Amino acid sequence: MKFYLLSAVIAYIAVILIVGAYTASKHKAKDTKDMLIAGKSLGPWVLGGTMAATWVGGGTITGGSLAVGANYGWWPGILYMTCQSLAPLFLYQIAKRINRRESITVSNVFGDRYGTAQQNFAAFVIVIAYVGTCSYQFRAFGNALYVATGINKDIAIVIGTVIIVGIAFMGGMRSVAVTDMISSLFITASMFIALFAAIHNGGGLEGILSRTAEGTTDFPFGNYGFIGWFSLTLGGTMNIIGDQNFIQRMASGKDDKALKKSIYVFVTIIFLVMFCSTSLGFVLRVVFPDVSSDGLFFAFAAIAPAFIGMAMLACGTALIMTTADSYLLSAVTSGVMDIWCKLFKKDATERQKVRYIRVCLVIFAIIAYIMQKFFDNILSIQNYVYALYSSAITIPLFAALLSKKVTVQGATASMVVGTVLTLANEFSGHRLLWGQPSAVFSVPLSLIVIIVVSKLTYKGPTEKDIKFFAEQGEDILAGKAENR
């Protein structure tokens, strides 16, 4: 057991718990607005910081950009992370429209535009996608504790799950946002320290480049190939553009000016962190040719000088915890507000809703722990989550907000096709789609279906369509925006 590594993890967790508890006690969550969107009180730095810390999570150092850089080459990793880093600029445009509607969840938009059945279906998909995101954060936490302590990974995952649920349990979004801002600054600094240390350990850039595997320095796709790169990049980029977790956070901003500034903070932080992550994966593959991409970051932390190893373990803990508690909270938001309170407890009081949220935090965390056992590695879980959310949620969401001619039939068909294709391909025991990642088929087919079916079933604007766009300041009949 490396006690100095364990002490770094414990110290970071202690700081976060103390800050979270202080924030929760100072601003007690009195209702769902406080619990889920921090009473719309966040300024640009805290808002940008919490979004950045949420996006660059455990997958960033065990899957995603690090895994692409490690397994397939520097260039495909750089192209992947660049697309992901620019996606928030599009997300901002979507979020402004949703926030104007004062919606806390994406499925509310589905209900307003398409109907109750589509709203319920969207909420269900969001829950299973976000619980999947939590599952690979839990696994990443297990890797971190395993390196620091040598204890069984399953036990480590359970310990991490308890801590993550505890932070979200205390004060909801307000506690999460403040601790996330602290974490995002620490993460950025630690990733740069880790990258420079890894380059030095590998004999400098010249020494690393002389030992890279054949093809990993080739532009543009290295050893990945276009199909694999396209699937992960398309799924990941589409996922963030329509991601309820970030839309929910954007609703926490105190005004439009704060929201706009927060996007620049968000983009800057994730670009820097993911650049370091991709480059770190590429470098560490040379240093540890036989270690899986899941464990590269923590393997280097275990042999790095004490200070650097401690910073990396604390950074890894920060990456995992910030994302896990955020997605867990967003999954619970949909589960309670869009499913439980609408289908089973329509007359729930604010106090009851807060209690339901806290109970669901525990239930969903248990489901996430079980789910992570069904996947071989973290990158495979990311592919599943990205494909499911992008095909079943992002495409119908874009259509709802931007297209005046999308129909209920088209949106429903798109959601069903995206969900069924992804789940069948991922959980059948073997890939049904010719061995290809789900997003390669589910996302394009979802888009084709919504276009074709809407074209075949469109008979002019419905009363629901007219009301929906009127609430956004648009006259669907005149086809021009009104000044509000």
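In this chain, residues are counted from 1 in sequence order. Keep in mind that this is a model prediction, so the values were computed, not measured.
Heavy-atom minimum distance, I269 versus S184: CD1-OG, 4.1 Å. Summarising the geometry of I208 relative to F282, their closest heavy-atom pair is CG2-CE2, 4.4 Å, with the distance given to 0.1 Å. Scanning all heavy atoms of the two residues, the minimum distance from V267 to P88 falls at CG2-CB, 3.9 Å. Looking at every heavy atom in both residues, A368 comes nearest to S135 through O-CB, 3.1 Å.
No side-chain donor-acceptor contact under 3.5 Å links Q119 to the backbone of D112. Side-chain atoms of T216 come within 3.5 Å of backbone N or O of A213 as a donor-acceptor pair. Side-chain N or O atoms of S85 include one that pairs as donor or acceptor with a backbone N or O of M81 at under 3.5 Å. Although no hydrogens or angles enter the test, the distance criterion places a donor-acceptor pair under 3.5 Å between the side chain of N71 and the main chain of A67. Using a distance-only test at 3.5 Å, with no hydrogens or angles considered, no donor-acceptor pair links the side chain of T50 to the main chain of L47. With hydrogens and angles disregarded, no donor-acceptor distance shorter than 3.5 Å links the side chain of S414 to the backbone of G410. Put simply, the side chain of S446 never gets that close to the backbone of V443: no donor and acceptor are under 3.5 Å apart.
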Criterion side chain to side chain contact (heavy atoms under 4.5 Å, CB included) on I78 and F219, from CA distance to verdict = CA-CA 10 Å; I78 290 297; F219 180 84; over 6 Å; no
Please test S279 against W74 for side chain to side chain donor-acceptor pair (under 3.5 Å), starting from the C-alpha separation and ending with a verdict.
-> CA-CA 6 Å; S279 302; W74 190 75; 3.0 Å; yes
How far apart are the C-alpha atoms of T268 and L272, what are their side-chain angles, what is the distance that settles it, and do they pass the side chain to side chain contact (heavy atoms under 4.5 Å, CB included) test?
-> CA-CA 6 Å; T268 300; L272 293 174; 4.1 Å; yes
Derivation of the ring pair (Phe, Tyr, Trp, His ring centres under 6.0 Å) call for F138 and Y369 = CA-CA 7 Å; F138 294 165; Y369 171 80; 7.9 Å; no
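Remark: aromatic rings of Y130 and Y389 are close, center separation under 6.0 Å.
When the ring pair (Phe, Tyr, Trp, His ring centres under 6.0 Å) test is applied to F288, no partner is found at least two apart in sequence or on another chain.
Donor-acceptor pairing under 3.5 Å is lacking for the side chains of T217 and W75. The closest side-chain donor-acceptor pair between S277 and S65 falls under 3.5 angstrom. At a cut-off of 3.5 Å, with distance as the only test, a side-chain donor of S107 or D338 sits close to an acceptor on the other residue.
A 4.5 Å side-chain heavy-atom check between S438 and L388 finds every atom pair outside the cut-off. The shortest side-chain heavy-atom distance between F141 and T317 falls under the 4.5 Å cut-off.
Classified by interplanar angle (parallel below 30°, tilted 30° to 60°, perpendicular above 60°), the ring pair F124/F121 is tilted.
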